[in-house]
Asker: 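Submitted below is the structure of interest, expressed as structure tokens.
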Amino acid sequence: MRKRKGSADHDSSFTSNVTLLDGNSDLKQCHKKTDAASDPGGSGTGMGRRYRRGGLIWRLRRILIWVLGIYIAIPVIIKVCPSIQAKLVFLNFVRVPYFIDLKRPEDQGLNHTRNFYLQPEEGINIGVWHTVPSVMWREAQAKDAEWYDKSFQSSHPVILYLHGNAGTRGGDHRVQLYKVLSSLGYHVVTFDYRGWGDSEGSPSEKGMTSDALFLYQWIKQRIGQKPLYIWGHSLGTGVATNLVRRLCDRGTPPDALILESPFTNIREEAKSHPFSMVYRYLPGFDWFFLDSITANDIRFASDENVNHISCPVLILHAEDDTVVPFQLGKKLYDLAAQSKSLNGHKVQFIPFPSSLGYRHKFIYKSPQLPNILSDFLSAPHPHV
């Protein structure tokens with residue numbers, strides 16, 4: 001009986017151990033499932049990671065296909081619709097700064113400036129600013145149009161300023177230049193070409209040149225034989241050389257032409273512009289982009305115009321200009337220096353080192369600018 005009892009106890013203990021082992025086995029299985037779910041090296045996670053990696057690659061491929069599609073579509077669209085390229089050249093729809101009232105130049109610190117409108121042709125009104133020399137500032141307060149017209153009869157010379165693309169006559173760097181020139185004793189007349197700012201009409205090279213010629217003649221009627229200089233900046237240099245070529249062909253050249261950040265012609269400028277960088281080496285770049293500019297009758301061929309200009313020419317260019325590369329301004333100067341029509345006239349090139357940081361818009365900051373102008377024009381500034 002004892003033997004059986006011991007045997008039974010032994011069997012019971014054996015059974016318990018087996019049960020315990022079975023329980024441990026189940027526990028281990030449970031741990032294995034948990035570990036499989038949490039183990040980064042586990043086969044389930046590996047499949048999940050491969051799935052996610054595959055999804056990411058597919059999304060990247062889709063983005064790449066879209067980018068490539070847009071890259072290819074842009075030159076095709078421009079070729080089919082060349083008017084888009086004209087808008088990119090003029091950028092007249094970019095009105096910066098956006099929230100200024102062009103009827104109120106005094107809001108820009110020009111409280112000796114009159115805003116008015118002229119009509120170069122029927123149905124086209126263009127906005128104009130006339131800033132008198134700063135020495136006339138006090139006298140100019142609260143004066144009417146008649147006073148401003150009579151102010152042209154003073155001994156102070158006049159600069160007709162032709163601005164570049166984008167923005168308006170109220171652009172900050174333009175306003176700062178008006179202030180500098182006014183402080184030196186010049187009348188400054190500037191305007192927005194048709195299609196720019198609050199001027200009516202649509203932009204074109206022919207229209208821009210026609211507007212500039214109209215303003216030049218309007219000023220000339222008021223100043224008589226006093227000096228009248230033409231100052232063009234960026235795209236405005238193309239308008240300026242167009243204008244001066246016409247005047248010289250008529251035998252009535254201006255007293256001087258000042259070109260700030262000029263280029264040779266619009267095709268070379270477009271090819272050198274930062275926006276063209278992603279397409280510059282694309283096969284057919286000229287056919288897609290440059291021929292589209294020509295199709296809009298846009299040339300701004302200053303390199304050709306200098307062979308028909310017969311007045312002093314001053315070129316100002318910053319070496320760190322990224323919009324109109326310095327080498328284009330230098331190239332234009334080299335062509336002007338060799339021009340037969342400019343033989344006997346002063347042709348001068350003033351570079352501004354990169355260390356000054358003047359880039360495309362800030363040559364007006366140069367403390368040397370007053371001396372550069374007085375030396376070039378061979379006359380002291382009117383207010384001195």
Side-chain angles (χ1 to χ4, degrees), residues 61-98 120-127 162-169 171 191-212 232-243 261-305 322-325 328 360:
R61 283 178 178 172
R62 287 181 63 186
I63 293 171
L64 182 61
I65 290 170
W66 273 103
V67 170
L68 185 62
I70 293 171
Y71 180 82
I72 295 172
I74 287 175
V76 173
I77 292 171
I78 287 177
K79 188 64 180 179
V80 174
C81 304
S83 60
I84 295 174
Q85 185 71 310
K87 293 183 182 297
L88 295 176
V89 170
F90 298 132
L91 291 177
N92 60 302
F93 56 90
V94 179
R95 181 171 173 171
V96 180
Y98 290 99
E121 61 185 70
E122 188 175 354
I124 302 292
N125 288 292
I126 58 175
L162 306 172
H163 69 66
N165 69 353
T168 67
R169 62 190 183 276
F191 68 101
D192 279 318
Y193 316 104
R194 61 186 70 191
W196 270 263
D198 56 356
S199 296
E200 299 170 347
S202 299
S204 67
E205 180 178 358
K206 181 180 178 181
M208 295 166 75
T209 305
S210 178
D211 293 343
H233 173 245
S234 193
L235 189 67
T237 63
V239 181
T241 62
N242 282 350
L243 168 61
S261 306
F263 52 88
T264 49
N265 60 69
I266 196 62
R267 289 177 71 97
E268 288 194 352
E269 160 56 13
K271 198 166 188 174
S272 304
H273 198 281
F275 289 164
S276 71
M277 189 177 298
V278 294
Y279 288 106
R280 199 172 297 160
Y281 304 105
L282 177 73
F285 173 85
D286 288 15
W287 186 76
F288 278 113
F289 292 97
L290 304 186
D291 290 352
S292 296
I293 296 176
T294 305
N296 286 281
D297 198 23
I298 302 173
R299 298 179 68 243
F300 291 113
S302 293
D303 51 352
E304 294 180 15
N305 290 339
T322 57
V323 177
V324 179
L328 290 187
H360 186 61

Asker: List in chain and number order the residues that pass ring pair (Phe, Tyr, Trp, His ring centres under 6.0 Å) with F191, two or more places apart in sequence or in another chain; answer none if no residue qualifies.
Answerer: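 Once residues adjacent in sequence are excluded, the partners of F191 under the ring pair (Phe, Tyr, Trp, His ring centres under 6.0 Å) criterion are Y193.
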
Asker: Check whether any side-chain heavy atom of V324 lies under 4.5 Å from a side-chain heavy atom of H360, and answer yes or no.
Answerer: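 Heavy-atom side-chain distance check passes, below 4.5 Å.
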
Asker: Just verifying a value: how many Å separate D192 CG and D198 CG, rounded to the nearest 0.5 Å?
Answerer: 6.5 Å

Asker: Would you name the heavy atoms of G238 and N305 that are closest together and state the gap between them?
Answerer: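 Smallest heavy-atom distance, with atoms named: O-ND2, 4.5 Å.
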
Asker: Suppose we screen for salt bridge (Lys or Arg N to Asp or Glu O under 4.0 Å). Which residues come up paired with R95, at least two apart in sequence or across chains?
Answerer: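 For R95, no residue satisfies salt bridge (Lys or Arg N to Asp or Glu O under 4.0 Å) once neighbours in sequence are set aside.
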
Asker: Please report the closest heavy-atom contact between G232 and A240, naming both atoms and the distance.
Answerer: CA-CB, 4.2 Å

Asker: Considering residues at least two apart in sequence or located in another chain, which fulfil the salt bridge (Lys or Arg N to Asp or Glu O under 4.0 Å) criterion with E200?
Answerer: none

Asker: Is the shortest side-chain heavy-atom distance between F300 and E269 below 4.5 Å?
Answerer: no

Asker: How far apart are the C-alpha atoms of T168 and H163, what are their side-chain angles, what is the distance that settles it, and do they pass the side chain to side chain contact (heavy atoms under 4.5 Å, CB included) test?
Answerer: CA-CA 8 Å; T168 67; H163 69 66; 5.7 Å; no

Asker: Got L235 and M208 here, is their nearest side-chain heavy-atom distance under 4.5 Å?
Answerer: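 Yes; the side chains approach each other to less than 4.5 Å.
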
Asker: When you measure from the side chain of S302 to the backbone N and O of T241, does any donor-acceptor pair fall under 3.5 Å?
Answerer: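 It does not hold such a pair.
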
Asker: As a quick check of understanding, evaluate side chain to side chain contact (heavy atoms under 4.5 Å, CB included) for L162 and H233, giving each step before the final call.
Answerer: CA-CA 6 Å; L162 306 172; H233 173 245; over 6 Å; no

Asker: Restricting to side-chain hydrogen bond (donor to acceptor under 3.5 Å, both in side chains), what partner residues turn up for S292, sequence neighbours left out?
Answerer: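 S292: no side-chain hydrogen bond (donor to acceptor under 3.5 Å, both in side chains) contacts found.
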
Asker: Is there a side-chain contact between N165 and V89 (heavy atoms, below 4.5 Å)?
Answerer: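 Result no, sub-4.5 Å side-chain heavy-atom pair not found.
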
Asker: Calculate, to the nearest 0.5 Å, the distance between atoms CZ and CG belonging to F93 and L88 respectively.
Answerer: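 Here the rounded value is 6.0 Å.
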
Asker: So do the side chains of L328 and S272 get within less than 4.5 Å of each other, counting heavy atoms only?
Answerer: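 Touching, per the 4.5 Å side-chain cut-off.
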
Asker: Main chain of P120, side chain of D211: is a donor-acceptor contact present, judged purely on distance under 3.5 Å?
Answerer: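 Judged by distance alone, no pair lies under 3.5 Å.
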
Asker: Going by side-chain hydrogen bond (donor to acceptor under 3.5 Å, both in side chains), name the residues that satisfy it together with T294, two or more places apart in sequence or in a different chain.
Answerer: R267

Asker: Look at the side chain of N92 and the backbone N and O of G195, then say whether any donor-acceptor pair between them is shorter than 3.5 Å.
Answerer: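 Confirmed, N92 side chain pairs with G195 backbone.
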
Asker: Measure the CG-CD1 distance between N296 and I266 for me, rounded to the nearest 0.5 Å.
Answerer: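 Here the rounded value is 11.0 Å.
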
Asker: For the residue pair S199 and G127, what are the closest heavy atoms and their distance?
Answerer: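 Smallest heavy-atom distance, with atoms named: OG-N, 2.9 Å.
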
Asker: Among residues at least two apart in sequence or on other chains, which ones pass salt bridge (Lys or Arg N to Asp or Glu O under 4.0 Å) with E205?
Answerer: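 For E205 there are no salt bridge (Lys or Arg N to Asp or Glu O under 4.0 Å) partners, ignoring immediate neighbours.
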
Asker: State which residues pass side-chain contact (heavy atoms from CB on, under 4.5 Å) with K271; sequence neighbours excluded, sorted by chain then number.
Answerer: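 If we apply the side-chain contact (heavy atoms from CB on, under 4.5 Å) test to K271, skipping adjacent residues, the hits are R280, F285, D286, L290.
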
Asker: Which residues pass the side-chain contact (heavy atoms from CB on, under 4.5 Å) test with V96, sequence neighbours left out?
Answerer: V94, Y98

Asker: I'd like to check the side-chain hydrogen bond (donor to acceptor under 3.5 Å, both in side chains) partners of T264; sequence neighbours left out, ordered by chain and number.
Answerer: E268

Asker: Could you tell me which residues satisfy side-chain contact (heavy atoms from CB on, under 4.5 Å) with T237, sequence neighbours excluded, listed by chain and number?
Answerer: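 Per chain and number, T237 pairs via side-chain contact (heavy atoms from CB on, under 4.5 Å) with L259, P262, F263.
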
Asker: If the condition is side-chain contact (heavy atoms from CB on, under 4.5 Å), which residues does S204 pass it with, not counting sequence neighbours?
Answerer: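 For S204 the side-chain contact (heavy atoms from CB on, under 4.5 Å) partners, ignoring immediate neighbours, are K206.
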
Asker: With sequence neighbours left out, write down each residue that passes side-chain hydrogen bond (donor to acceptor under 3.5 Å, both in side chains) with N265, or none if nothing qualifies.
Answerer: D303

